[in-house]
Amino acid sequence: MTIDLSGQHAIVTGGARGIGAAAVRLLRAAGATVHVFDLPDVDVTRRESVQAALAAVPVPDIVIANAGVGIPEPPDVTAATPENWEKTIAVNLTGVFHTVQLAAEVMKPRRKGSIVITASTNSWDGEATLTAYNASKAGVLGIMRTAANELGRYGIRVNAVCPGLIRTPLTDWYFDHGDVLKPYFQHIALGRGGEPEEVAQASPATPPVTSPARR
Ligand SMILES: NC(=O)c1ccc[n+]([C@@H]2O[C@H](COP(=O)([O-])OP(=O)(O)OC[C@H]3O[C@@H](n4cnc5c(N)ncnc54)[C@H](O)[C@@H]3O)[C@@H](O)[C@H]2O)c1
């Protein structure tokens, strides 16, 4: 299926590499003008940084809240440090809050748009050594469900994609150590990890539809 996004503006946080960069390529190939919000120019943990970046681009039709970090702390929760907790929650959860809220503010008057959050299978599966990451990814589903319920009346759809293990700079180490992944892949129907393009393809950033006024 060919999706035509000509004339649409898209924002991708964390779009400089990995899954975000794949989404940028796909959106551009579909004709959208894409604005990458990534370090060092845009820091999603800083509200004023997201605000300034949004003010510098046209009102987006599509927003992919994708920036994220994930730092394993083996062997278990007893090794989880408050520093990693603060950093992970700041980027993965508070960063998504800033992105979704501030984007929704400018999108609402136009009564159309699509927001997609990159969540994870870790949003529900409790993978060991990733306490802060798992908490942040569970949290973004709360933002997604609430925002979807609230913003539907403005014609703004809010969804999340929940990828399993995808080969990106974040996960290269695991893919380079195949033995570590053998037991992991046993539980995956395809028996393999994914590629960033497969996640980008799943992001439901189809052309926005204008919604009739409901109030
Ligand atoms: N790779 C996987 O297996 C996998 C699986 C499920 C979910 N995810 C999620 O997908 C998203 C992208 O991950 P990836 O694997 O492409 O990682 P990645 O490390 O390759 O890319 C993450 C991007 O986010 C940016 N970023 C980090 N902190 C930021 C900040 N404060 N402000 C703005 N940008 C920031 C980085 O600069 C980088 O470009 C993340 O939310 C991650 O949790 C990844």
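We count ligands from 1, going down the list as the structure has it; atoms in each ligand are counted the same way.
- Using a cut-off of 4.0 Å between Lys/Arg side-chain N and Asp/Glu carboxylate O, Glu198 and Arg192 are scored as salt-bridged.
- Evaluation of the side-chain hydrogen bond (donor to acceptor under 3.5 Å, both in side chains) test over residues 87-98, restricted to residues two or more places apart or in two chains, returns Arg47-His98, Asn84-Thr88, Asn92-Ser136.
- At a 4.0 Å heavy-atom cut-off, the residues surrounding ligand 1 are Gly14, Ala16, Arg17, Gly18, Ile19, Asp38, Leu39, Val42, Asp43, Val44, Thr45, Asn66, Ala67, Gly68, Val91, Thr118, Ala119, Ser120, Tyr133, Lys137, Pro163, Gly164, Leu165, Ile166, Thr168, Pro169, Leu170, Thr171, listed by chain and number.
- Residue pairs that meet the side-chain hydrogen bond (donor to acceptor under 3.5 Å, both in side chains) test with at least one member in residues 30-41, sequence neighbours left out, are His9-His35.
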Which atom pairs, one a donor and one an acceptor, fall under 3.5 Å between side chains of residues 174-186 and the rest of the protein, sequence neighbours left out?
{"from": "Asp176", "atom 1": "OD1", "to": "Arg167", "atom 2": "NH2", "distance (Å)": "2.7"}
{"from": "His177", "atom 1": "ND1", "to": "Trp173", "atom 2": "O", "distance (Å)": "2.7"}

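- Defined by atom type and a distance below 3.5 Å, a donor-acceptor pair is present between the side-chain atoms of Glu73 and Thr81.
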Take Met107 and Val63 through the test side chain to side chain contact (heavy atoms under 4.5 Å, CB included) and record every step on the way to the result.
CA-CA 10 Å; Met107 291 164 81; Val63 175; 3.9 Å; yes
